[in-house]
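Okay, structure first, notes after.
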Amino acid sequence: MTYEQFYAVVRRVPPGRVVTYGQVAHMAGLPGRARQVGYAMAALSGESDVPWQRVVNARGEISTRSGGSPFGRIQRVLLQEEGVEFSESGRIDLERYRWEG
DNA sequence: AAGTTGACTATTT
DNA sequence: AAAATAGCCAACT
């Protein structure tokens with residue numbers, strides 16, 4: 001399977017808005033494939049034009065990477081720069097920031 | 001070919 | 001509200 005169909009969806013997410021992994025899978029026509037979306041994001045290189053930082057988990061938080069990768073911290077900063085607010089516990093209000101294609 | 005792994009999620013304690 | 005459980009599915013051993 002190709003990750004391109006996931007990237008195509010993520011590229012449509014406007015700045016300052018977020019979507020969940022499951023949502024991306026569903027919008028790409030592959031419901032139930034949330035984990036593969038996570039892999040697709042992990043496979044992205046720094047030069048990519050895909051706004052990967054706008055993909056968060058279903059609880060509105062930034063998913064933890066394995067290996068203690070620092071990208072989670074970067075993701076939060078990028079989103080805050082776009083105007084997304086984080087709660088004290090590090091969560092995003094999906095009711096307010098979720099993008100509904 | 002069978003078992004493990006994990007940027008996930010929904011349900012149940 | 002937070003943690004454990006169970007289900008998920010493609011990539012990798």
Side-chain angles (χ1 to χ4, degrees):
Chain A
M1 79 160 285
T2 74
Y3 288 151
E4 253 318 303
Q5 48 201 307
F6 293 145
Y7 298 152
V9 171
V10 177
R11 273 191 275 254
R12 294 210 295 275
V13 182
R17 307 300 298 280
V18 302
V19 286
T20 67
Y21 294 93
Q23 215 183 321
V24 171
H26 192 273
M27 290 167 79
L30 295 168
R33 248 66 23 142
R35 305 194 82 131
Q36 324 313 319
V37 175
Y39 286 127
M41 295 304 109
L44 239 27
S45 70
E47 343 276 297
S48 172
D49 61 332
V50 178
W52 56 271
Q53 71 273 23
R54 303 190 193 135
V55 184
V56 300
N57 69 26
R59 292 157 53 176
E61 25 186 35
I62 293 172
S63 288
T64 304
R65 275 77 165 161
S66 57
S69 174
F71 284 96
R73 173 166 43 69
I74 296 173
Q75 179 171 7
R76 172 162 176 157
V77 174
L78 288 174
L79 287 177
Q80 287 176 321
E81 286 176 350
E82 295 184 354
V84 176
E85 295 180 42
F86 285 74
S87 74
E88 190 176 332
S89 53
R91 283 218 298 260
I92 297 170
D93 182 355
L94 288 179
E95 295 276 319
R96 185 165 137 186
Y97 292 105
R98 184 201 297 271
W99 176 67
E100 312 280 4

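In what follows, chains carry the letters A, B, and so on, assigned in the order in which the sequence lines appear, proteins first and then strands, with residues in each chain numbered from 1. Heavy-atom basis, side chains included; hydrogens, waters and symmetry copies ignored.
- For the OP1/OP2 pair of C:dA10 and a distance below 4.0 Å, the side-chain nitrogens and oxygens of A:Arg33 include at least one atom meeting the criterion.
- Per the geometry, CZ belonging to A:Arg35 stands 9 Å off C1' belonging to B:dT9, to the nearest Å.
- Counting heavy-atom neighbours within 6.0 Å of A:Glu95 CD, excluding the residue itself, gives a total of 12 or less.
- Computed from coordinates, the A:Gln36 CD to B:dG6 C1' distance equals 9 Å when rounded to whole Å.
- A salt bridge links A:Glu4 with A:Arg11: the closest approach of a Lys/Arg side-chain nitrogen to an acidic carboxylate oxygen falls below 4.0 angstrom.
- Within the 4.0 angstrom heavy-atom criterion, no nucleotide atom of any strand lies near A:Phe71.
- If you check B:dT5, C:dC8, C:dA2 against the side chain of A:Arg91, the one that comes closest is C:dA2.
- In this structure, the NE2 atom of A:His26 is 17 Å from the P atom of C:dC8, given to the nearest Å.
- Across all strands shown, A:Ser69 has no heavy atoms under 4.0 Å from either base or sugar-phosphate atoms.
- When heavy atoms are screened at a 4.0 angstrom cut-off, A:Ala58 is found touching the sugar-phosphate backbone but no base atom.
- For the pair A:Phe6 CZ and C:dA11 C1', the computed distance is 13 Å after rounding to whole Å.
- A 4.5 Å side-chain heavy-atom check between A:Val56 and A:Tyr97 finds every atom pair outside the cut-off.
- In this structure, A:Met41 atom CE and C:dA11 atom C1' are separated by 16 Å, rounded to whole Å.
- In this structure, A:Gln23 atom CD and B:dC8 atom C1' are separated by 13 Å, rounded to whole Å.
- Protein atom CD of A:Glu88 is 16 Å distant from nucleotide atom C1' of C:dA2, rounded to whole Å.
- Between the CD atom of A:Glu61 and the P atom of B:dA10 there is a distance of 13 Å, given to the nearest Å.
- Which of B:dG6, C:dA2, B:dT9 sits closest to the side chain of A:Tyr21 comes down to B:dT9.
- Pairing each heavy atom of A:Ala28 with each of A:Phe6, the nearest pair is CB-CD2, 3.7 Å.
- Closest contact between the side chain of A:Tyr3 and the listed nucleotides B:dC8, B:dT5, C:dA11 involves C:dA11.
- Remark: the backbone N or O of A:Val55 is not paired with any side-chain donor or acceptor of A:Gln23 at under 3.5 angstrom.
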